[in-house]
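Contents: one structure, followed by commentary.
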Amino acid sequence: AMLVLTLGRERVTTPLDAMPFLLMTFSGLLHAPFSTGFHLFRCMTPRVYNLWRRLDHVFIYVMCWPAVAALSWFVLPPRLTAAAFVAAAFLARRAALGIWGLQPHVQRDRREIVRAAGDVGALVLLQLGPMVLQSAREVAKGTAALAPSAAGAGGLVVAGTLGVPASLLF
């Protein structure tokens, strides 16, 4: 509701101008029920724990598809945004299938999960790339200070190294 109210107050040139905000909102809403379920039900039986853990991790990857498009929307040309979206869909599908296929005993070791999903780094780069590019453009134009841009990019690089998709940080 807040998104609709906020976008309603803004002067949107075309309906497509609102698309990245809708995509990022959809991204979070797509993952929220599974993350909430996992964190609520993790103290249940190992079977329930493993089911919710896999659902949580699978939907972390699924939520990357719209997040990549949203973060690229105003930064990259439309064809590159579409290509990034397709690449994210491919990588997220492969990572999600890898997580879903893990044996239950592996589900308790986060390092194994991150290792099993090698596509996480590429998904993070697809989200990080447009942010770093836009930051560099703003610094070059003198419209942004280097310190916040560098700090944000550095934080995302560290998060990516740890296997945290950028969409989880917003």
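Closest heavy-atom contact between Q127 and C64: NE2-SG, 3.3 Å. Looking at every heavy atom in both residues, F38 comes nearest to D56 through CD2-OD2, 3.4 Å. The two residues A69 and L23 make their nearest non-hydrogen contact at CB-CD1, 3.8 Å. Minimum interatomic distance between V68 and S72 (heavy atoms only, all atoms of both residues): O-OG, 2.8 Å. The two atoms that bring L91 and A122 nearest to each other are CD1-CB, 3.5 Å, heavy atoms only.
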Point to revise | Intermediate values then yes/no, side-chain contact (heavy atoms from CB on, under 4.5 Å), R94 and L97 | key: CA-CA 5 Å; R94 194 165 70 178; L97 289 174; 6.0 Å; no
Exercise for review: With side-chain contact (heavy atoms from CB on, under 4.5 Å) as the test, would you mind laying out the steps for L29 and M63 before giving the verdict?
Suggested key: CA-CA 9 Å; L29 292 175; M63 74 185 275; over 6 Å; no
Point to revise | side-chain contact (heavy atoms from CB on, under 4.5 Å) between L133 and L76, worked out | key: CA-CA 9 Å; L133 177 62; L76 301 177; 3.7 Å; yes
Exercise for review: Go through the steps for M131 and L71 under the test side-chain contact (heavy atoms from CB on, under 4.5 Å), then give the verdict.
Suggested key: CA-CA 7 Å; M131 290 187 279; L71 293 168; 4.0 Å; yes
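Interatomic distance, W52 CH2 to S35 OG, rounded to the nearest 0.5 Å: 10.0 Å. For the atom pair CZ of F26 and CH2 of W65, the computed distance is 9.5 Å after rounding to the nearest 0.5 Å. Note: L30 CG to I60 CD1 = 11.5 Å, rounded to the nearest 0.5 Å. In this structure, CG in N50 is found 8.5 Å from OG1 in T45, a value given to the nearest 0.5 Å. Put simply, CG on L51 and CZ on F41 are 10.5 Å apart, with the number rounded to the nearest 0.5 Å. To the nearest 0.5 Å, the span separating OH on Y61 from CH2 on W100 amounts to 13.5 Å.
Counting heavy atoms from C-beta outward, V62 and R93 have side chains that stay 4.5 Å or more apart. You'll find the side chain of M19 reaches within 4.5 Å of the side chain of W73, heavy atoms only.
Taking the six-membered ring where tryptophan is involved, the planes of F21 and F74 are tilted, since the angle between them lies from 30° to 60°.
Cluster annotation: V58 is connected to F34 through the hydrophobic network of ILVMFWY side chains, with a link wherever side-chain heavy atoms come within less than 4.5 Å. Residues V124 and F59 share a hydrophobic cluster, clusters being chains of Ile/Leu/Val/Met/Phe/Trp/Tyr side chains in contact below 4.5 Å. Both F90 and L123 sit in one connected hydrophobic cluster of ILVMFWY residues. Membership requires side-chain heavy atoms under 4.5 Å apart, directly or through other members.
In this structure a side-chain-to-backbone donor-acceptor pair under 3.5 Å is present from R137 to V75.
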